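Whatever order the structure lists them in is the order used to number ligands and atoms, beginning at 1. These values consider heavy atoms only, across backbone and side chains, with no hydrogens, waters or symmetry-generated copies. Here the structure is a predicted model, which is why all the values come from computation and not from measurement.
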Amino acid sequence: MNPVSDEDELDVPGARGPISAAVHALLAGDRQIDWPDIESADPYGEDLHLALHNCYELAYRGFTSVDADMEWDLELLELRARMEKHFESALRRDVPGGADLAAELETLVTEPAEAAGISEFLRTEGEWWHIREYFAHRSIYHHKEADPYIWAVPRLRGQAKAALVAVEYDEFGAGRAERVHARLFAELLAGAGLNSGYLHYLNQVPAPMLALVNMMSLFGLHRSLRGALVGHFATVEITSPPGSRRMVQALRRLDADPACVLFYTEHVEADAVHEQIMRRDVLGDLLRREPQLTESVVFGIQVTNLLEDRFEQHVLHDNWRAARTSLREPLPDPDAPARPPVGAAD
Ligand SMILES: [Fe+2]
Ligand SMILES: [Fe+2]
């Protein structure tokens, strides 16, 4: 098993076009930037999503070389606001909308008779290099697992607030650092022979996963989108147990390190409870108090599904089915065994 890294060293990743280059320049202290044309950029594209990701990162742990005060830099905030507007407009255009929450929740709990998707592919036919790529993609979220949901707390009241914090308490290890889900994921990465450093794979991970993480930050940082944030969080908890169960089967089939399996067994158990709390106590109470947020909650659910579908399309259908890497460049050592030889590292 690789050593688990707790380092916080993160460099600003290389630009992917004019927007991320402008953000890069501002982060480096250069005030003479070429203001990019954001409104005609691809709202799901590499350039916009890396740029947006890097603006948001300033609200999380940030970059080693960038002063913490840049979080509130007016020019960066202006660029960020224009990117957010462009992204959110595309999302509103691409989901059906509406206020039928019961129908949306029903769709989430109804698994198609024949499960499909990435976890089913990994369960039945995926190889070890697929698993490693999947971990690298998801690491962009799991390194900050559950962090964006905390922004909902000051915006909620009553039972919804108490219950959301109860779920977050579990996500953050119930008072034990070694049980924090982000830590369990770092151990999963190490168990898979991957680098567990914070956002280590940012340069390799393409836009479909960055868009998912950016969606969480967008919802989290805007009080006006608190309904969407809760809708998104509920979607994650409701859909997690069956997907996690398939991942457990995939990893056992490939004889993966126990640390890899543990992350998903933990989620099979915890999320079965979280699902109930999110539905009954968080969504139920929130919408009793603020029924006008129903459309926002539905929007959060639909956007999560849209971006997960786009992620699956990119990873599984456009690349893995064509025997290609789904990352911007393949991971080193694709033939590494599921269980690294004892004593090889550590
Ligand atoms: Fe979790
Ligand atoms: Fe959970």
Side-chain angles (χ1 to χ4, degrees), residues 4 6 60-61 105 108-109 111 118-119 122 131 134-153 156 159-192 194 196 198-199 209 212-213 215-217 219-220 228-248 250-251 256 258-286 297 300-301 304-305 307-308 311:
V4 178
D6 222 0
Y60 294 91
R61 295 202 211 172
L105 292 174
L108 293 181
V109 291
E111 283 252 304
I118 294 176
S119 58
L122 294 175
I131 298 269
Y134 183 68
F135 289 169
H137 282 285
R138 291 278 181 205
S139 70
I140 305 302
Y141 166 62
H142 288 300
H143 277 301
K144 50 175 74 122
E145 182 170 334
D147 286 350
Y149 312 137
I150 271 295
W151 282 314
V153 175
L156 298 176
Q159 187 58 39
K161 185 187 197 102
L164 186 131
V165 170
V167 174
E168 286 284 70
Y169 181 67
D170 286 349
E171 301 292 339
F172 294 124
R176 290 155 62 198
E178 72 277 11
R179 301 298 295 181
V180 174
H181 287 185
R183 169 73 192 193
L184 295 181
F185 197 83
E187 283 170 9
L188 164 150
L189 290 170
L194 291 164
S196 58
Y198 182 64
L199 300 187
M209 177 48 63
L212 269 160
V213 179
M215 163 198 65
M216 298 177 210
S217 303
F219 291 170
L229 181 66
V230 173
H232 158 72
F233 191 12
T235 308
V236 170
E237 297 297 344
I238 292 168
T239 55
S240 164
S244 298
R245 211 168 286 123
R246 286 191 286 271
M247 288 305 296
V248 169
L251 292 165
C260 301
V261 181
L262 175 68
F263 179 82
Y264 291 101
T265 50
E266 169 76 17
H267 281 83
V268 172
E269 284 173 33
D271 290 344
V273 180
H274 293 170
E275 172 192 346
Q276 298 302 321
I277 300 174
M278 289 303 298
R279 284 167 67 103
R280 191 188 55 227
D281 295 336
V282 180
L283 282 179
D285 188 63
L286 175 69
V297 171
I301 296 172
T304 307
N305 292 335
L307 294 178
E308 284 288 351
F311 175 66

Between OG1 of T304 and CG of L108, what distance do you get to the nearest 0.5 Å?
8.5 Å
Once you measure the plane-to-plane angle for F311 and H137, does it fall in the parallel (<30°), tilted (30-60°) or perpendicular (>60°) bin?
perpendicular
Should L188 and H142 count as side-chain neighbours, where that means a heavy-atom distance under 4.5 Å?
no
Taking the six-membered ring of Y198, is NZ or CZ of R61 closer than 6.0 Å to its centre and within 45° of its axis?
yes
The criterion is ring pair (Phe, Tyr, Trp, His ring centres under 6.0 Å); which residues satisfy it with Y60, sequence neighbours excluded?
W151
Which protein N, O or S atoms sit under 2.8 Å from the Fe ion (ligand 1)?
E145 OE2, E171 OE1, H181 ND1, H267 NE2
The Fe ion (ligand 2) -> H274, closest N, O or S atom is ND1
Evaluate the side-chain proximity of V167 to Y149: yes if any heavy-atom separation is below 4.5 Å, no if none is.
no
